[in-house]
Amino acid sequence: MIMPEKLTIVRTVVELRHAVAAFRAAGRTVGLVPTMGALHEGHVSLVKGALDRGDVPAASIFVNPTQFGPNEDFAAYPRDEAGDFAKLETAGCRIVFAPDKDEMYPVPMLTTVKVTGVTDGLCGPFRPGHFDGVATVVTKLLMMAMPDRGYFGEKDYQQLQVIKTMVRDLAMPMEIVGMPTVREPDGLAMSSRNRYLSAAERTTALQLYREMNTVAQTVRDGRSSCSEATAAASKALLAAGFDKVEYLTVVDAESLRPFEKVTGPARVIAATRLGRTRLIDNIAVS
Ligand code: PAF
């Protein structure tokens with residue numbers, strides 16, 4: 001079978017399954033990169049991650065309404081389909097699934113995938129229903145494409161743990177690969193929402209990464225407890241101009257339970273508000 005070298009754009013589940021089956025029939029494995037579009041270097045790194053593992057990269061672009069709260073930015077979420085297709089093709093992606101809402105949700109959904117435990121803290125209480133929306137749409141995307149591997153960024157670290165937990169618990173026959181956060185040269189984590197920042201906010205935003213690094217060093221060296229280090233960092237962020245620190249904490253890297261003293265693999269993880277932008281980020285403690 002002759003496989004297309006270019007990016008194939010598919011809009012329906014039937015077309016997606018045919019496109020994936022064609023690569024499978026040629027003996028290839030497939031890696032799915034689920035996205036909501038407005039692609040940046042972070043998304044491109046997920047496509048490269050799939051290529052590096054020998055997978056045929058397939059991406060999805062769907063701004064999923066069920067993971068946005070009533071006062072969140074669903075309507076304003078940046079959309080640039082033509083630009084996204086161009087970036088995917090340049091990165092070496094071979095299939096992109098870009099369904100409309102009726103293709104993803106043809107009938108009112110009576111099923112919700114709910115992951116407990118890892119959703120209890122951090123963003124969970126601040127975004128009620130968000131992880132149900134994510135877990136449900138990611139389940140649908142994985143079942144639609146049936147990839148060998150799914151690629152997700154560590155930037156959304158809690159989301160990554162939710163998806164890993166769900167795939168493990170439901171024995172979904174695929175591997176979930178977490179890829180490192182891609183940062184701007186000055187350290188700001190890349191995010192589709194960074195475009196909401198004004199020039200002044202963009203400068204202030206950098207403090208988040210700096211303060212998280214200070215916390216990581218302090219708790220790694222045992223110079224203070226996790227709660228002391230994160231309280232000092234939150235205070236510094238508010239003094240620097242952040243409007244709110246929803247949370248800034250040190251958690252177990254897998255269970256996401258808070259640490260007071262680090263006794264195993266840990267992440268410093270934070271969600272903040274700066275103007276109209278919600279910024280989240282996380283780093284490993286060591
Ligand atoms: O991380 C995202 O862009 C979204 O939450 C995802 C995983 C594509 C589900 O809509």
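Every number for a ligand or one of its atoms is a count from 1 in the order of the listing. Residue indices begin at 1 and follow the sequence shown.
Taking the centre and axis of the six-membered ring of Phe74, the NZ or CZ atom of Arg79 falls inside the cone set by 45° and 6.0 Å.
Only one option out of Arg193, Arg278, Arg195 pairs with Asp73 in a salt bridge (charged side-chain N to carboxylate O under 4.0 Å, His left out); it is Arg193.
Ion pairing between a basic and an acidic side chain is recognised when a charged N comes within 4.0 Å of a carboxylate O; Asp252 and Arg257 show no such pairing.
Those atoms of ligand 1 with a heavy atom of Gln159 less than 4.0 angstrom away are 1 (O), 2 (C), 4 (C), 5 (O), 7 (C). For ligand 1 and Gln67, the ligand atoms under 4.0 Å from any heavy atom of the residue are 4 (C), 5 (O), 9 (C), 10 (O). Of all atoms in ligand 1, listed by their number and element, those nearer than 4.0 Å to a heavy atom of Val137 are 9 (C), 10 (O).
Close N/O approach between Thr35 and ligand 1 is not found [any backbone or side-chain N/O within under 3.5 Å].
Between the side chain of Glu211 and the backbone N or O of Lys235 there is no donor-acceptor pair closer than 3.5 Å.
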